[in-house]
Amino acid sequence: MPAVRRLRPGDEAILAALARDDTEYDLEGRSGPMKPLSARAARAFLADPDVLVWIDSRRGVVLGFLYCTLVRLRGGEAKELLLYEIGVRRAHRRGGVGRRLLACMEKWMRAHRVREVWVLADNPGATRFYRACGFRIEREVPVYMTRRLR
Ligand SMILES: CC(C)(COP(=O)(O)OP(=O)(O)OC[C@H]1O[C@@H](n2cnc3c(N)ncnc32)[C@H](O)[C@@H]1OP(=O)(O)O)[C@@H](O)C(=O)NCCC(=O)NCCS
């Protein structure tokens, strides 16, 4: 039986495996293996209560993960979630893993009175997935910008 659980301190090896196997969880040709965090950074990541990572695994094999983070707001509802990443192993897609991971996130949101989650869907398949799971497209779309310091 597949089981979804949240990563906790002590799960550094799983976090490192997710990074090493990143290609498996992304779209074909889009990413290579990711360098795992240092032991210290991994401990800090997993100890952060606002960092939420769930994995769905079966017989010790991780089938998919979801990583989101709590964003504190300066007014209104006080907090929201940013769904930063979700990935399901290629061979296990369209089997309900993504839906199960989102259901766990939703359960956490209800328990912690967080009412809104947002995501930047970056490919058509993902957009269809989010739509099928109840997300809607906002009418006013911001421009995604970054700046990297040299
Ligand atoms: C997007 C992703 C996480 C979906 O995970 P999944 O386990 O395959 O999704 P599920 O099986 O739970 O799908 C739930 C529903 O979403 C919809 N859906 C999922 N993937 C879809 C796709 N590629 N095209 C159209 N609809 C899709 C379907 O309605 C599906 O229900 P159905 O299979 O009964 O028709 C997975 O395809 C993935 O890892 N993609 C690569 C990484 C990625 O794009 N991440 C998101 C970046 S923003």
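The basis for the numbers below is simple: all heavy atoms, side chains too, and nothing from hydrogens, waters or symmetry mates. Given the structure is predicted, the values throughout are model-derived calculations rather than measurements. Remember, it's 1-based here, ligands and their atoms both numbered in the order they're listed.
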* Taking the side chain from Thr69 and the backbone from Asp50, do they hold a donor-acceptor pair closer than 3.5 Å? -> yes
* Asked: Taking both backbone and side-chain atoms of Ala132, is any N or O found less than 3.5 Å from an N or O belonging to ligand 1?
  -> no
* Asked: Given Leu46 and Glu12, is the side chain to side chain contact (heavy atoms under 4.5 Å, CB included) satisfied, shown in steps?
  -> CA-CA 8 Å; Leu46 293 171; Glu12 289 80 4; 3.8 Å; yes
* Structure fact -> Of all protein heavy atoms, the one nearest atom 42 (C) of ligand 1 is Tyr25 O, 3.4 Å
* In the protein, which heavy atom is nearest to atom 25 (C) of ligand 1, and how far is it? -> Arg128 NE, 3.3 Å
* Asked: Do other residues, nucleotides or ligands put more than 12 heavy atoms under 6.0 Å from Arg5 CZ?
  -> yes
* Asked: Should Arg89 and Asp21 be marked as a side chain to side chain contact (heavy atoms under 4.5 Å, CB included) after you check the CA-CA gap, both sets of side-chain angles, and the distance that decides it?
  -> CA-CA 9 Å; Arg89 274 188 198 273; Asp21 294 347; 3.4 Å; yes
* To do: Could you tell me whether Leu120 and ligand 1 have an N or O pair separated by under 3.5 Å?
  => no
* Quick one: do Leu66 and Val51 end up in the same hydrophobic cluster if we chain Ile, Leu, Val, Met, Phe, Trp and Tyr together by side-chain heavy atoms under 4.5 Å apart? -> no
* Asked: Would a distance-only check, ignoring hydrogens and angles, find a side-chain to backbone donor-acceptor pair under 3.5 Å from Arg90 to Thr23?
  -> yes
* Structure fact -> atom 47 (C) of ligand 1 sits nearest the protein heavy atom Asp122 OD1, 3.4 Å
* Asked: What atoms of ligand 1 come within less than 4.0 Å of a heavy atom belonging to Gly95?
  -> 11 (O)
* Look at atom 11 (O) of ligand 1 and say which protein heavy atom is nearest, naming residue and atom and giving the distance to 0.1 Å. => Gly96 N, 2.8 Å
* **Within one Ile-Leu-Val-Met-Phe-Trp-Tyr cluster: Val71 and Val117, side-chain cutoff 4.5 Å** => no
* Asked: If you measure every N/O of Ala126 against every N/O of ligand 1, is any gap under 3.5 Å?
  -> no
* Structure fact -> Candidates Leu27, Val88, Leu66, Leu83; heavy atom nearest atom 3 (C) of ligand 1 found on Val88
* To do: Find out if a path of hydrophobic residues (ILVMFWY) with successive side-chain heavy-atom gaps under 4.5 Å connects Phe129 to Leu63.
  => yes
* Asked: Looking at ligand 1, does any of its N/O atoms fall within less than 3.5 Å of an N/O of Val119?
  -> no
* To do: State whether the shortest distance between N or O atoms of Arg94 and N or O atoms of ligand 1 falls below 3.5 angstrom.
  => yes
* Do the side chain of Arg93 and the main chain of Val88 share a donor and acceptor less than 3.5 angstrom apart? -> yes
* To do: Using a strict 4.0 Å cut-off to heavy atoms of Val97, name the atoms of ligand 1 that fall inside it.
  => 7 (O), 12 (O)
* Do any N/O atoms on Arg99 end up under 3.5 angstrom from N/O atoms on ligand 1? -> yes
* Asked: Are more than 12 heavy atoms from other residues, nucleotides or ligands located less than 6.0 Å from atom CZ of Arg30?
  -> yes
* Structure fact -> Under a side-chain separation threshold of 4.5 Å, the hydrophobic residues clustered together with Leu149 are none
* Among all protein heavy atoms, pick the one closest to atom 23 (N) of ligand 1 and tell me residue, atom and distance. => Gly125 CA, 3.7 Å
* Structure fact -> Any heavy atom of Tyr84 under 4.0 Å from ligand 1? The part involved is neither
* **Glu24 side-chain N/O to Asp22 backbone N/O, donor-acceptor pair under 3.5 Å** => no
* Flag atom 39 (O) of ligand 1 as yes if some protein heavy-atom distance to it falls below 4.0 Å, otherwise no. => yes
* Please collect all ring-ring contact (aromatic ring centres under 6.0 Å, His included) contacts where either partner lies in residues 3-49, sequence neighbours excluded, each pair once. => Tyr25-Phe65, Phe45-Tyr67
* To do: Could you check Leu81, Val114, Ile86 and say which one makes a side chain to side chain contact (heavy atoms under 4.5 Å, CB included) with Cys68?
  => Leu81
* Asked: Got the closest protein heavy atom to atom 7 (O) of ligand 1, with its distance?
  -> Gly98 N, 2.8 Å
* Asked: Which residue and non-hydrogen atom of the protein lie closest to atom 13 (O) of ligand 1, and at what distance in Å?
  -> Phe129 CD1, 3.8 Å
* Check whether any N or O atom of Ile86, backbone or side chain, sits under 3.5 Å from an N or O atom of ligand 1, and answer yes or no. => yes
* **Residue Ala121 vicinity, atoms of ligand 1 by number, heavy atom under 4.0 Å** => 48 (S)
* **Close-contact set for ligand 1 against Gly87 heavy atoms, below 4.0 Å** => 39 (O)
* If you have a sec, work out which protein heavy atom is nearest atom 37 (O) of ligand 1 and how many Å separate them, to one decimal? => Arg93 CD, 3.4 Å
* Using a heavy-atom cut-off of under 4.0 Å, does the side chain or the backbone of Asn123 touch ligand 1, or both, or neither? -> side chain
